[in-house]
Amino acid sequence: MHVLFIIIIRGQLECFILVSFPAARHPSHAPSSYHSSILPFTPPSPTLPTSAMATSLLNPRTAHFEFLGPPGAFAITVGVPIAVYSLYYGCSEATGGCPPIPLESIPDRVLAALSNPDWWKSLWDTQATLIYFAWYAFCVLAWAILPGDRVQGTTLRNGHVKSYKINAFSTLLLSLGITSGIIYRFGPEAFTFLYERWVGFITASLLNAFLQALFCYAASFQQGKLLALGGNSGNFIYDFYIGRELNPSIGSFDIKSFNELRPGLILWVLINISMACEQAVRRGGLANVTDSMWLVLAFQAWYVMDGLYNEPALFTTMDITTDGFGFMLSVGDLTWVPFVYSLQARYLAFNQIELGPVKTALIIIVNVAGYSIFRGSNGEKNDFRNGKNPKNLKYMQTTRGTKLIISGWWGLCQHPNYMGDLIMALAWSLPTGFNTPITYFYVIYFTGLLIHRQRRDDEACHQKYGDDWIKYKQLVPYRIFPYIY
């Protein structure tokens, strides 16, 4: 009976996260912890017939596949590295522009490269690999040495509560301090190596992501591991991609939460700085860096700083409470975030654009609007969750005893934080102008991602709330954009 009780609590927790309080685009921007609102919970009784039975009930087989099951998981596992490399070769001065010109020559050039052993060898850069893994080691060392409070996560379905060390923001400040010192002492040319060795750094990050995913998959078969409900299918390809173990750790070092915030997100900011330094070298100094580059650097650095400053918000997100740590998260954290999200800055390094004061002001307004919606909606949600209602928001009482906000930002649509995130994403691309659609790849990709998340949320909450969810959608009919979607 106790184990069944745990499973029911687990189901409620997942839906609570996904729908009542939807996660933001990146886990670093999720709301603060709500573990205090979960009902007290009794661990499994020691009177169960066998430990094997207890394990099977605590870690049931995955019955529902996402991403079209193993074939989809395999396609994404192979496709993500191809996409990251393609965004470089398809938008680079070394290959002829963004996109390379003439367009009709691209298929022949791709076939020629794939059939050339020298091209395959060019993907590997020993110096870039050493620098990358030194960077990762620096992040681990900073986590261990820098002071930080301990924050409790949500109650897991086995009754345990993980403790997390909070010092990601301090790691960012230390990294920026060292970077600033290098640039001040040796000039911007000393920090252009990320631009110059781009492909090698991509390969190094992919290697790290693959090794970590493989290690965590193998370690998940040790006795006593708590598995992710979605990553225990028994199929190697699918479980390797989704992540089999929920919270893989080495002692007090939690691999998943560490990768979510530190090495990839901070590297994203450092890459943007390297792109600005590359532009500065070409234009005769930092004083001549374009306004478009400064906008991208400021917008994205602020976004990362805001997320790391609110680090405790990570521990109630779907990535931490629901998803296992497999290749999906490792490649997303270590490769996709730093090397795809920095596309705009890399483009501006070799295609410099001066916006002027009017366009600059308009783009700032767009970004501020998106951030205000994003932060304002999350603030309303956090206050409401913590028993506060300073804006006297209206809500709908459900038969389950929970409440759903139906006014304020959350009365305009079901996911106003998603709307704010998408507006910010647009503001990050606008400084690149309209000469190429490639620099808007992130906006397009992110729109698809959030629509997919919204549909997952809708399905999960319909199962949780039943008829109440139908009534809620009648009161708040728009999903992300009012009057549009």
Side-chain angles (χ1 to χ4, degrees), residues 1-24 27 30-42 57-67 153-159 226-232 242 246 315-324 377-378 380-382 384-387 393-411 413-418 450-480:
M1 184 62 180
H2 289 296
V3 175
L4 291 177
F5 178 71
I6 292 169
I7 293 171
I8 292 171
I9 289 295
R10 169 62 177 162
Q12 293 176 352
L13 176 60
E14 180 176 1
C15 190
F16 183 82
I17 294 169
L18 292 176
V19 183
S20 298
F21 306 102
S32 60
S33 176
Y34 61 84
H35 71 272
S36 59
S37 65
I38 304 298
L39 294 174
F41 154 133
T42 305
L57 290 173
L58 188 63
N59 295 320
R61 280 290 188 188
T62 299
H64 172 71
F65 285 126
E66 294 189 73
F67 306 104
T154 59
T155 302
L156 302 175
R157 67 179 188 275
N158 61 1
L226 181 64
L227 306 183
L229 294 179
N232 187 26
I242 292 293
L246 183 61
F315 308 124
T316 59
T317 65
M318 179 173 63
D319 287 0
I320 298 298
T321 64
T322 304
D323 294 332
S377 60
N378 277 335
E380 289 181 351
K381 175 178 56 179
N382 292 340
F384 199 79
R385 174 179 301 147
N386 293 322
L393 298 175
K394 297 178 182 179
Y395 57 86
M396 170 185 163
Q397 186 76 46
T398 69
T399 56
R400 297 176 62 90
T402 54
K403 301 173 182 177
L404 301 174
I405 307 174
I406 57 172
S407 67
W409 287 113
W410 299 90
C413 59
Q414 299 166 19
H415 299 273
N417 50 351
Y418 289 7
L450 291 187
I451 290 176
H452 175 259
R453 281 197 173 192
Q454 177 273 318
R455 291 180 176 178
R456 288 178 65 191
D457 294 350
D458 185 74
E459 180 181 352
C461 274
H462 188 269
Q463 293 178 359
K464 175 180 178 180
Y465 293 107
D467 291 340
D468 284 336
W469 187 244
I470 297 175
K471 295 177 182 177
Y472 167 76
K473 291 199 293 184
Q474 292 173 347
L475 295 172
V476 186
Y478 300 107
R479 301 169 184 178
I480 297 177

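In this chain, residues are counted from 1 in sequence order.
The side chain to side chain contact (heavy atoms under 4.5 Å, CB included) search around Y395 returns F384, Q397, K403, not counting sequence neighbours.
Residue R479 holds its CZ atom at 5.0 Å from CD of Q454, rounded to the nearest 0.5 Å. Rounded to the nearest 0.5 Å, atoms CD (E66) and CG (D323) are 7.5 Å apart.
Taking every heavy atom of both residues into account, T322 and A228 meet most closely at O-CB, 3.9 Å. Contact record, C413 with I480: SG-O, 3.1 Å, taken as the closest heavy-atom pair. For N59 against L226, the heavy-atom pair with the smallest separation is OD1-CD1, 3.7 Å. Between V476 and Q414, the shortest heavy-atom contact is O-NE2, 3.0 Å.
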Just do the side-chain contact (heavy atoms from CB on, under 4.5 Å) check on L393 and S407 with the steps written out, would you? CA-CA 6 Å; L393 298 175; S407 67; 3.5 Å; yes

Step-by-step side-chain contact (heavy atoms from CB on, under 4.5 Å) determination, N417 to W410: CA-CA 9 Å; N417 50 351; W410 299 90; 3.9 Å; yes

Pair R157-L229, side-chain contact (heavy atoms from CB on, under 4.5 Å): steps then yes or no: CA-CA 10 Å; R157 67 179 188 275; L229 294 179; 3.5 Å; yes

What verdict does the side-chain contact (heavy atoms from CB on, under 4.5 Å) test give for K473 and L475, after you've listed the backbone C-alpha separation in whole Å, the side-chain angles of each residue and the deciding distance to 0.1 Å? CA-CA 5 Å; K473 291 199 293 184; L475 295 172; over 6 Å; no

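Proximity of a side-chain donor or acceptor of R400 to a complementary backbone N or O of Y465 within less than 3.5 Å is not detected. Of the possible donor and acceptor atoms, one in the side chain of E380 sits under 3.5 Å from a partner among the backbone N and O of W409. Remark: side-chain polar atoms of D468 are paired, donor with acceptor, to backbone N or O of T399 under 3.5 angstrom.
Side-chain contact check for W469 and D458: at least one donor-acceptor pair (N or O, by modelled atom type) lies under 3.5 Å.
Between K464 and T398 there is no side-chain heavy-atom pair separated by less than 4.5 Å.
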